[in-house]
Protein chains: 2
Amino acid sequence: MLTNACKYAIRAVIYLALNSDADKKLGAKQIASELDVPQAFLAKLLRKLSSDKLISSAKGPGGGFFLNKENLEKTVWDIITAIDDQQKLDDCFLGLVKCNSENPCPVHYIAAPFKEQLLNDFKKKTIAVMAEEMVENGTVITLNRFI
Amino acid sequence: MLTNACKYAIRAVIYLALNSDADKKLGAKQIASELDVPQAFLAKLLRKLSSDKLISSAKGPGGGFFLNKENLEKTVWDIITAIDDQQKLDDCFLGLVKCNSENPCPVHYIAAPFKEQLLNDFKKKTIAVMAEEMVENGTVITLNRFI
DNA sequence: AAAATAAAGGACTAAATTGTCCTTTACCGA
DNA sequence: TCGGTAAAGGACAATTTAGTCCTTTATTTT
């Protein structure tokens, strides 16, 4: 449903939200190794996110990536649309061109509420809120570290 | 989540369930045009389904594909596993290696019930039951015809 | 038997996705 | 101001998925 690229990007941004700020920048290599993701590939994704102002960056020694206030107000949806040229989240699960309640595919009534909820979450919740919720809930989003 | 190949295959089998039997076989070309799917590609998929005994076929004039009693007892899951070498339906939505209730990704609690329901449906319901439900519910699964 | 029909099979091409690598640019600290 | 560091950028390679095309085989009809 989401490409690898997109998943990597989302995880990286969440990781940055939880672990970086202007005074604590993280290098692409470091993030990649924490998330266990191909580093050159992630670096490319981070560049895209940075040029789209979804994350911040600084060159040179002590440089790296981090999230500023504005970045924290972005949504997962912003990331998805930045990375995946055309996302397929709302496509019919069985590939029907037009699948809706009048003309539902066999799994429409299972898939529809899920997709709605998911899209709602992705579009409404900011990165900041998502990160906050994880901390509040004690949801240790270890990404790949302790697994 | 499912490949195109898989979606095409599922739609084709459902179409066969609703429109074919031993006395009314359907050619690959006909099915492909009804479903608006690339015909050579679908033909290849139908071969695979046939060699896996998920659908039946007959060569020569008047030949084509159809479902027999045994075929109707197969499940959508059988189709998925036949077509997609390794399906990714239960993978974490954000690509975490291990995503579960102890270590949930940010959308785990949205995705988990959906995936469970979907997998359950795919694994338990036979093609016959699915087709029957569609007829009962007046769910006109037009695939691509009237859309 | 011959012709037509349709699946079986497999080689091949195309496109998208995933990933690597190398060079350039900017920045910092000594 | 020079060396090192890390992002920016872009060319390139590899893999997977998608799709085409041509030949062979089996079956039916005439």
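Just so it is clear: chains get the letters A, B, ... in the order the sequence lines come, proteins before strands, and each one is counted from 1.
- The OG1 atom of A:Thr81 lies 7.5 Å from the CG atom of A:Leu54; values are rounded to the nearest 0.5 Å.
- Atom-to-atom, CG of B:Leu46 to P of D:dG19 comes out at 14 Å; the value is rounded to the nearest Å.
- Side-chain atoms of B:Lys123 and B:Thr75, non-hydrogen and from C-beta on, never get closer than 4.5 Å to each other.
- In this model, the phosphate group of D:dT16 is not approached by any side-chain N or O of B:Lys88 to a distance below 4.0 Å at OP1 or OP2.
- A close approach under 4.0 Å does occur between a side-chain nitrogen or oxygen of B:Ser57 and OP1 or OP2 of C:dA8.
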Please enumerate all protein N or O atoms sitting under 3.5 Å from an N or O of nucleotides 18-22 of chain C, with distances to 0.1 Å.
residue : atom : partner : partner atom : Å
C:dT18  : OP1  : A:Asn4  : N            : 3.1
C:dG19  : OP2  : A:Tyr8  : OH           : 2.9
C:dG19  : O6   : A:Lys44 : NZ           : 2.7

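- Counting any heavy atom pair closer than 4.0 Å across all strands shown, B:Ser50 reaches sugar-phosphate atoms only and no base atom.
- C:dA7 atom P lies 17 Å from atom CG of B:Leu54, rounded to whole Å.
- Rounding to whole angstrom units, CD1 of residue B:Ile83 and C1' of D:dG19 are separated by 14 Å.
- Note that the CG atom of A:Asp36 and the CG atom of A:Leu42 stand 11.5 Å from one another [nearest 0.5 Å].
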Nucleotide N/O to protein N/O under 3.5 Å, stretch nucleotides 1-6 of chain D:
residue : atom : partner : partner atom : Å
D:dA6   : O4'  : A:Gly60 : O            : 3.2

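- Below 30°, between 30° and 60°, or above 60°: for B:Phe122 and A:Phe93 the angle between ring planes is between 30° and 60°, a tilted geometry.
- Put simply, NZ on B:Lys115 and CD1 on A:Ile110 are 14.5 Å apart, with the number rounded to the nearest 0.5 Å.
- Put simply, CG on A:Leu45 is 14 Å from C1' on D:dA7, counting in whole angstrom units.
- For the atom pair A:Lys74 NZ and A:Leu67 CG, the distance stands at 11.5 Å (nearest 0.5 Å).
- DNA chain D contains the following stems of three or more consecutive Watson-Crick or G-U pairs, with both distances under 3.5 Å: C:1-30 with D:1-30.
- Proximity of B:Ser33 to B:Gln39: side-chain heavy atoms (C-beta onward) are nowhere separated by under 4.5 Å.
- To the nearest 0.5 Å, the span separating CZ on A:Phe65 from CG on A:Leu46 amounts to 4.5 Å.
- Distance B:Leu16 CG to C:dA6 C1': 15 Å, rounded to the nearest Å.
- Atom pair B:Asp52:CG and C:dA7:P shows a separation of 17 Å (rounding to whole Å applied).
- For the pair A:Asn68 and A:Ser56, the tightest heavy-atom approach, listed with the atom from each and the gap, is ND2-OG, 3.0 Å.
- Atom CD1 of B:Ile55 and atom P of C:dA6 are 16 Å apart (whole Å).
- Considering NZ of B:Lys7 and CG of A:Asp91, their distance stands at 6.0 Å, rounded to 0.5 Å.
- Nearest heavy atom pair, residue A:Phe114 against residue B:Ala111, reads CE1-CA, 3.4 Å.
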